[in-house]
Amino acid sequence: LTLNLGLRWQYLSPIFAAHDNIANFYPSLYTPSQCSPGAFTPDGLIDPTLCNTVNGIVTPMSAGVNRALVEKHMNDWEPRFGLAWVPGVLNKKLVFRGGLGVYHGRDAGSQTSALGRQPPFDLVASIDNITYSQLAPFDPALPQPPASLSALGAVHNPPASYQYSAGIQYQLGSSTTLETDYVGSHQIHLGRNRDINQPLPQYQFPIYDGSVGANTVRPYLGYSIINLNERDAVSRYNSLQVFLNHREDRYGLQFQVAYTWSRNLSNTINMDTEGHSNPVQDAYNTAVEYAVANQNTPNSFSANYLWSLPW
């Protein structure tokens, strides 16, 4: 019996901008009284004299936040455990193996660079029913389209993966082994984009028939879409894996055959998209997102061989 025990600690520092020219949206700092439906002009623009157009926006210069605009996480512990056992039967040709471990990942730099396209440093807005000739230089003092935001959740936990496996290996001959394993994992704190400024369901038909403007009934008035990259998503992977391995024999032949039968379920697309794209369909019912993951590969078969010819 062989046991392997380990414990790892790591700190993944959140990325910040060298020139502090990023901004994030904190829903907890949004003040509803600073904007109302009365701030909208008849053509759907926001009058900045009647609405705070940076309501809830924080920058590295804001009080009470760090330069990265997301929390630091100092408690990422990663225990590891593994075992191998050779029972005293079958001429010691049978081996049982198992293991589990916890792993953390870090964000790509694009997660932070996405915060560079927020007010007050940048303004991203959608304009409808206008021609190119009607466009003019932007004046922040005049009525303007509500800005779209791509924000990161303030907590923003590093993604974590709990990985585990158990299997047996049997020696079929002097050069051949057959192995069968269960391999699984459970991921938490995965990124998922949600439009937290999606109009409530009761406004869907009035918006569709044009009797109500979508931006006038959003929860955070003064903004259009607010895609928030939250760390609330999960995924589960379970698989049966079979391996046949033949080491080089006296004829110079070696080969490997592998088959995996698996299923991957998730409630996110598991892609590093910041808050830019692919939000959940219903911001108020994320449970319906749990389904077969887009990376799901139910069956996988591979084989390779190498034959060293004697001449």
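Keep in mind that the numbers below use all heavy atoms, side chains included, and drop hydrogens, waters and symmetry copies.
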Say you draw a straight line from [atom1] of [X] to [atom2] of [Y]; how long is it, rounded to the nearest 0.5 Å?
{"X": "Leu83", "Y": "Thr2", "atom1": "CG", "atom2": "OG1", "answer": "9.0 Å"}
{"X": "Asn157", "Y": "Glu71", "atom1": "CG", "atom2": "CD", "answer": "8.0 Å"}
{"X": "Asn75", "Y": "Gln10", "atom1": "CG", "atom2": "CD", "answer": "12.0 Å"}
{"X": "His156", "Y": "His73", "atom1": "NE2", "atom2": "NE2", "answer": "8.0 Å"}
{"X": "Asn91", "Y": "Gln171", "atom1": "CG", "atom2": "CD", "answer": "9.5 Å"}
{"X": "Tyr103", "Y": "Asp76", "atom1": "OH", "atom2": "CG", "answer": "14.5 Å"}

Hydrophobic clustering (ILVMFWY, side-chain heavy atoms < 4.5 Å, transitive) - are [Y] and [X] grouped together?
{"X": "Tyr170", "Y": "Ile168", "answer": "yes"}
{"X": "Val54", "Y": "Leu228", "answer": "yes"}
{"X": "Tyr305", "Y": "Leu309", "answer": "yes"}
{"X": "Leu152", "Y": "Tyr26", "answer": "yes"}
{"X": "Trp77", "Y": "Leu12", "answer": "no"}

>> What verdict does the side chain to side chain contact (heavy atoms under 4.5 Å, CB included) test give for Asp181 and Ser165, after you've listed the backbone C-alpha separation in whole Å, the side-chain angles of each residue and the deciding distance to 0.1 Å?
In response: CA-CA 7 Å; Asp181 301 302; Ser165 65; 5.6 Å; no

Please check: side-chain N/O of [X] versus main-chain N/O of [Y], any donor-acceptor pairing under 3.5 Å?
{"X": "Gln204", "Y": "Leu200", "value": "no"}
{"X": "Gln256", "Y": "Ala303", "value": "no"}
{"X": "Glu230", "Y": "Val155", "value": "no"}

Could you check if a side-chain atom of [X] sits within less than 4.5 angstrom of a side-chain atom of [Y], using non-hydrogen atoms only?
{"X": "Pro32", "Y": "Leu221", "value": "no"}
{"X": "Arg117", "Y": "Ser150", "value": "yes"}
{"X": "Gln169", "Y": "Thr177", "value": "yes"}
{"X": "Pro158", "Y": "His189", "value": "no"}
{"X": "Leu265", "Y": "Ser235", "value": "no"}
{"X": "Thr31", "Y": "Asn55", "value": "yes"}
{"X": "Pro60", "Y": "Val65", "value": "no"}
{"X": "Val58", "Y": "Leu29", "value": "yes"}

Looking at every non-hydrogen atom in both residues, tell me the closest pair between [X] and [Y] and how far apart they are.
{"X": "Pro146", "Y": "Ile46", "value": "CG-CG1, 3.8 Å"}
{"X": "Ala68", "Y": "Ile15", "value": "CB-O, 3.3 Å"}
{"X": "Pro27", "Y": "Ile196", "value": "CG-CD1, 3.8 Å"}
{"X": "Gly213", "Y": "Thr216", "value": "O-OG1, 2.6 Å"}
{"X": "Thr268", "Y": "Gly191", "value": "OG1-O, 2.7 Å"}
{"X": "Arg247", "Y": "Gln254", "value": "C-CB, 3.9 Å"}

> Tyr223 and Phe25: aromatic ring centres closer than 6.0 Å?
Replying inline: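 Judged by ring-centre distance (under 6.0 Å), Tyr223 and Phe25 do meet the cut-off.
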
>> Just checking Tyr220 against Tyr30, ring centres under 6.0 Å apart?
In response: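 Under 6.0 Å, so yes.
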
>> Determine whether Ile22 and Leu69 satisfy the following criterion, side chain to side chain contact (heavy atoms under 4.5 Å, CB included), listing intermediate values before the conclusion.
In response: CA-CA 8 Å; Ile22 57 175; Leu69 303 182; 3.8 Å; yes

Verify whether one side chain among [X] and [Y] offers a donor that lies under 3.5 Å from an acceptor in the other.
{"X": "Gln163", "Y": "Ser185", "value": "no"}
{"X": "Arg236", "Y": "Ser266", "value": "no"}
{"X": "Gln241", "Y": "Thr260", "value": "no"}
{"X": "Tyr237", "Y": "Asn296", "value": "no"}
{"X": "Asn227", "Y": "Asn193", "value": "no"}
{"X": "Asn267", "Y": "Glu289", "value": "no"}

>> Looking at Tyr203, I'd like to know if the NZ or CZ of Arg218 sits under 6.0 Å from its six-membered ring centre while staying within 45 degrees of the ring's axis.
In response: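 Judged by the rule (NZ or CZ under 6.0 Å from the ring centre, within 45° of its axis), Arg218 is not positioned above Tyr203.
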
>> Please determine whether side chain to side chain contact (heavy atoms under 4.5 Å, CB included) holds for the pair Leu100 and Tyr162, giving the CA-CA distance in whole Å, both sets of side-chain angles, and the decisive distance to 0.1 Å.
In response: CA-CA 7 Å; Leu100 58 88; Tyr162 297 80; over 6 Å; no

>> Classify the ring geometry of Tyr164 against Tyr182: parallel below 30°, tilted from 30° to 60°, perpendicular beyond 60°.
In response: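 Tyr164 and Tyr182: parallel rings.
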
>> Could you go through Asn245 and Glu179, starting from their C-alpha distance and side-chain angles, then the distance that decides it, and tell me whether this counts as side chain to side chain contact (heavy atoms under 4.5 Å, CB included)?
In response: CA-CA 8 Å; Asn245 183 43; Glu179 182 177 350; over 6 Å; no

> Looking at residues at least two apart in the chain, or sitting in another chain, which of them share a ring pair (Phe, Tyr, Trp, His ring centres under 6.0 Å) with Phe255?
Replying inline: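 Listed in chain order: His246.
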
> For Asp20, what residues pass the salt bridge (charged side-chain N to carboxylate O under 4.0 Å, His left out) criterion, not counting sequence neighbours?
Replying inline: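 Here the qualifying residues are Arg67.
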
> In terms of heavy-atom contacts, does CH2 of Trp9 have more than 12 from other residues, nucleotides or ligands at under 6.0 Å?
Replying inline: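 More than 12 heavy atoms, drawn from other residues, nucleotides or ligands, come within 6.0 Å of this atom.
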
>> Tell me whether Tyr284 at atom OH has more than 12 heavy atoms from other residues, nucleotides or ligands lying less than 6.0 Å away.
In response: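 Enclosed: over 12 neighbouring heavy atoms sit under 6.0 Å from OH of Tyr284.
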
> Does the side-chain hydrogen bond (donor to acceptor under 3.5 Å, both in side chains) test come out yes or no for Thr286 and Arg194, once each step is laid out?
Replying inline: CA-CA 9 Å; Thr286 57; Arg194 184 169 68 94; over 6 Å; no

